[in-house]
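Letters go in sequence order (proteins before strands), and every chain restarts at 1.
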2 protein chains.
Amino acid sequence: MKTKSFSEMQCSIARALEQVGSWWSLLIIRDVMMGARRFKHFEQSLGIAKNTLASRLTQLVDGGVLEKVPAADGSAFDEYALTERGRDLAPVMIALAQWGDKWAPHKKGPSTEIIDAETAEKLPRIWPRRDDGEIIPLREVRMKRARGAPRLNWLEEKEKN
Amino acid sequence: MKTKSFSEMQCSIARALEQVGSWWSLLIIRDVMMGARRFKHFEQSLGIAKNTLASRLTQLVDGGVLEKVPAADGSAFDEYALTERGRDLAPVMIALAQWGDKWAPHKKGPSTEIIDAETAEKLPRIWPRRDDGEIIPLREVRMKRARGAPRLNWLEEKEKN
DNA sequence: CTATCCAGTCTAATAATAAAACTAAAGTTG
DNA sequence: CAACTTTAGTTTTATTATTAGACTGGATAG
């Protein structure tokens with residue numbers, strides 16, 4: 001009964017997850033970023049059930065993350081492609097890949113490598129920076145509720161003091 | 001039947017999602033990053049069922065993303081805190097929040113703001129950069145399968161040509 | 001000491017996922 | 001072009017996850 005929706009939460013993370021947070025969604029997007037374009041590609045790469053894949057794909061298309069485009073090779077079957085909205089998820093994917101690589105490595109070594117095509121080297125860790133490129137230490141990054149957003153009860157406790 | 005596991009996939013993204021990709025996990029982590037520490041905080045903030053919350057929390061503790069620590073205020077109830085592994089998810093959360101803010105904004109305006117405590121301004125978009133801070137355009141970022149990783153069938157097709 | 005709160009567990013109902021069989025259109029082979 | 005195979009799904013049935021709500025035993029407040 002995964003019926004609860006995040007879409008009304010006044011939190012950007014919740015609403016992002018509403019669109020791409022289902023169990024398979026980000027892996028499908030990863031596959032597209034790595035060159036998959038057709039139903040069978042996802043199916044074979046992920047070992048996902050056909051019906052689950054079908055509903056995840058239509059959800060992603062409805063959400064504007066993927067779109068169906070005419071096949072590049074002239075086939076009558078449409079292909080799936082990232083929209084601008086979908087391509088813009090790249091920082092999320094890179095951050096996830098780098099975290100997984102660091103904290104949950106596979107015995108056989110890293111698998112999805114993310115490289116700088118200029119230098120052919122592994123990308124440095126994606127990390128918050130100022131406009132000028134200076135790295136911001138996490139202590140100086142604040143995640144806070146915006147003006148007008150609902151008050152968080154555990155912060156009220158603190159604010160009382 | 002969400003019984004299929006990603007943990008054996010030779011992909012860093014899949015193994016990251018195995019640990020934090022369940023429907024509620026990243027929202028729980030967001031709450032901790034925003035100051036939540038106790039069961040009731042998550043419950044009230046998220047509107048999640050008690051039993052689902054309990055199993056997500058133990059999953060996150062077992063996965064080493066959260067840990068139970070003695071309460072700071074002397075209460076006999078333990079608190080949940082991020083481990084180093086958990087804190088290291090900050091880039092993922094920031095990337096998600098910024099994407100959601102851009103592509104799925106709430107009518108009432110942004111909610112979870114991420115700011116630079118030094119300047120009190122919104123963080124610039126987290127984005128791949130070189131060591132020197134130079135932004136890397138997406139065209140120059142390659143997500144590729146590493147040496148030894150299983151061959152992807154749709155790439156074989158291309159490689160044949 | 002009593003009432004309430006807290007952090008869960010247990011039970012029953014419902015929704016999502018999985019596996020497998022099926023289908024219609026597309027593509028391939030001889 | 002006729003027969004066979006592939007593709008992109010849909011349908012059906014079984015299983016698992018999530019939910020809401022009742023319940024519990026220990027902590028806390030009055």
Output the rounded distance in Å from [atom1] ([X]) to [atom2] ([N]).
X: B/Phe6; N: C/dA18; atom1: CZ; atom2: C1'; answer: 13 Å
X: B/Phe42; N: D/dT18; atom1: CZ; atom2: P; answer: 17 Å
X: B/Asp73; N: D/dT28; atom1: CG; atom2: C1'; answer: 12 Å
X: B/Glu79; N: D/dA27; atom1: CD; atom2: P; answer: 16 Å
X: B/Ile48; N: C/dT9; atom1: CD1; atom2: P; answer: 13 Å
X: A/Gln59; N: C/dA16; atom1: CD; atom2: C1'; answer: 12 Å
X: B/Leu53; N: D/dG21; atom1: CG; atom2: C1'; answer: 16 Å

- From B/Glu84 atom CD to B/Leu89 atom CG, the distance as rounded to the nearest 0.5 Å: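 The CG atom of B/Leu89 is 11.5 Å from CD of B/Glu84, to the nearest 0.5 Å.
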Reckon [X] has a side-chain N or O less than 4.0 Å from the OP1 or OP2 of [N]?
X: B/Ser75; N: D/dA27; result: no
X: B/Trp24; N: D/dT19; result: yes
X: A/Arg56; N: C/dT17; result: yes

Using nucleotides 6-10 of chain D, report all nitrogen or oxygen pairs with the protein that are shorter than 3.5 Å.
from	atom 1	to	atom 2	distance (Å)
D/dT7	OP1	A/Lys40	NZ	2.7
D/dT7	O3'	A/Arg38	NH2	2.9
D/dA8	OP1	A/Arg38	NE	2.6
D/dA8	OP1	A/Arg38	NH2	3.1
D/dA8	OP2	A/Lys40	N	2.9
D/dA8	N7	A/Lys50	NZ	3.4
D/dG9	OP2	A/Tyr80	OH	2.7
D/dG9	N7	A/Lys50	NZ	3.1

- Message: Side chains of B/Ser5 and B/Glu18: any donor to acceptor distance under 3.5 Å?
- Response: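 Yes, B/Ser5 and B/Glu18 have a side-chain donor paired with an acceptor closer than 3.5 Å.
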- Message: Does A/Lys122, at its NZ atom, have more than 12 non-hydrogen atoms belonging to other residues, nucleotides or ligands within less than 6.0 Å?
- Response: no
- Taking 4.0 angstrom as the limit, do A/Arg130 and A/Glu140 come out as a salt bridge?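 Counted as a salt bridge, because a side-chain N and a carboxylate O are separated by less than 4.0 Å.
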- Query: Are B/Asp88 and A/Arg125 within salt-bridge range, i.e. N to O under 4.0 Å?
  - Reply: yes
Got a list of side-chain donor-acceptor pairs under 3.5 Å for residues 66-76 of chain A, not counting sequence neighbours?
from	atom 1	to	atom 2	distance (Å)
A/Asp73	OD1	A/Ser75	N	3.1
A/Ser75	OG	A/Phe77	N	3.0

